[in-house]
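All values below come from the heavy atoms of this structure, side chains included, with hydrogens, waters and symmetry mates left out. Each chain gets a letter, A, B and so on, in the order its sequence line appears, and its residues count up from 1.
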Number of protein chains: 2
Amino acid sequence: MGDDRRVETTETAPPTGREAVERAALGMFEEQGYAGTSVRAIAGAAGVDPALVIRWFGSKEDLFLRVLSLTEKPVPDLTGPLDTLGERLVAFALAPGQRDVRRDLTALVRASDSSSVRSRLRQITRTLFVERLVERLDGPNAELRSHLIASQLGGLLQSWDVAEDQNVAAASRDRIITLYGAALQALIDPPVE
Amino acid sequence: MGDDRRVETTETAPPTGREAVERAALGMFEEQGYAGTSVRAIAGAAGVDPALVIRWFGSKEDLFLRVLSLTEKPVPDLTGPLDTLGERLVAFALAPGQRDVRRDLTALVRASDSSSVRSRLRQITRTLFVERLVERLDGPNAELRSHLIASQLGGLLQSWDVAEDQNVAAASRDRIITLYGAALQALIDPPVE
DNA sequence: GTCTATATACCGATAGAC
DNA sequence: GTCTATCGGTATATAGAC
């Protein structure tokens, strides 16, 4: 603060104060997880006193939830033909450009011992997938099927992350898109009785 | 050891020493997670000095991995007709009797910031599902498909747990078995080119 | 008001006495 | 083998300087 003269046009102004804390926190939470990141380390990286972090953001968990809200993150494109939506969803989830989102979701899942984090996770799943999927699905149980599709995507992301360049991750992305896309498609297509 | 006289017949002998620590640790890790469970609390519940827990088991993480190895847990029955295996796998995963296994897997996933825990998770997935599935699947990419089926099951378990008696968990188990079973079936059936 | 410095109450782990 | 005492670490809260 102090010399924060509100030059709102420049994008690359070196962050200071609260913003520096938020950026440092996001990066460290993504890379080392919640438990592996200390408030002291965040404060050090941001050039700020540790006590200020608590004073500004309430608690470590509040800062975590604020910084991992996943707002302003890209959303999957659900337009286009329904009968190939499965593959497009998998391709979206595994796209290189979605790496940060994957890491954010991983960090959230691994911190989900806390019920606040679980609640945030539900909210993200709902706004990112379920609410938008349910409007496109035909047939019965559209909402449940949307939830289950989101579950499938969550499972894929978790395996992709846990695999660590073996097993699943070692397979060609295209093959996974084809195979797992078909599995998603089984819940996208209206169920036949 | 010392007074461990190998009375292998009695099942209900009140656990003492190391065994009391292991039981207390398992229960507390399942219920409150890794971070939420302190060595001091485990020692207190087991009636043992906290320093002994470390001395006996090496570290908190070593104790966690030892107690959550998921050996001697029931394994899904993969025999029977292939064309309904999807539903049977979902039914197995969601069965009330599998609650402890679900909680164990949840605890592991939530502690998977640690690479040792991720490694254990891979091992469990492999021995519980992949190795046994791959022998039953026909068609190409049997191993990858087995991994992806395990991913689907992992995603379902995670949602089931995060949902907390809303959304997914609120739906009738039978409907989930039907719908998600069909999604698993898409990877069980040999892919058509 | 904003921030600095300090205090409290935990944690996992260890050294060393008995 | 067992346990006491303690170390360095953590998150969080507050008193008080500027």
Problem set entry | Residue pair A/Asp161, A/Arg110: steps toward the salt bridge (Lys or Arg N to Asp or Glu O under 4.0 Å) verdict | CA-CA 12 Å; A/Asp161 194 85; A/Arg110 291 182 181 167; 2.6 Å; yes
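- Less than 4.0 Å separates DNA chain C from no heavy atom of any residue of residues 109-121 of chain B.
- If you take CZ of A/Phe64 and C1' of D/dT12, they are 18 Å apart, rounded to a whole angstrom.
- With a 4.5 Å cut-off on side-chain heavy atoms, B/Leu156 and B/Leu94 count as touching.
- Looking at A/Thr79 and A/Asp77, their side chains do bring a donor and an acceptor atom within 3.5 Å of each other.
- Residue pairs meeting the ring pair (Phe, Tyr, Trp, His ring centres under 6.0 Å) criterion with at least one partner in residues 63-112 of chain B, sequence neighbours excluded, are B/Phe29-B/Phe64, B/Tyr34-B/Phe64.
- Considering only the side chain of A/Ser59, D/dT12 comes nearest among D/dC3, D/dT12, C/dA13.
- At whole-Å resolution of the value, CZ in B/Arg18 and C1' in D/dT2 are 11 Å apart.
- A pairwise comparison of heavy atoms in A/Glu87 and A/Thr178 identifies OE2-CA, 3.7 Å as the closest pair.
- Heavy-atom distances under 4.0 Å link DNA chain D to B/Asp49, B/Ala51 of residues 32-51 of chain B, given in residue order.
- Using a 4.0 Å cut-off, some side-chain N or O of B/Trp56 falls inside it from OP1 or OP2 of D/dT2.
- Rounding to whole angstrom units, NZ of residue A/Lys60 and C1' of D/dA13 are separated by 17 Å.
- Rounded to a whole Å, the CG atom of B/Asp62 is 14 Å from the P atom of C/dG12.
- Here D/dA15 presents its C1' atom at 10 Å from CZ of A/Arg55, a figure rounded to the nearest Å.
- Separating the CG atom of A/Leu52 from the C1' atom of D/dA15 is a distance of 15 Å, rounded to the nearest angstrom.
- Not a single side-chain hydrogen bond (donor to acceptor under 3.5 Å, both in side chains) links A/Arg103 to another residue, sequence neighbours left out.
- With sequence neighbours left out, A/Glu31 forms a side-chain hydrogen bond (donor to acceptor under 3.5 Å, both in side chains) with no residue at all.
- For B/Thr71, the side-chain hydrogen bond (donor to acceptor under 3.5 Å, both in side chains) criterion is met by B/Ser69, not counting sequence neighbours.
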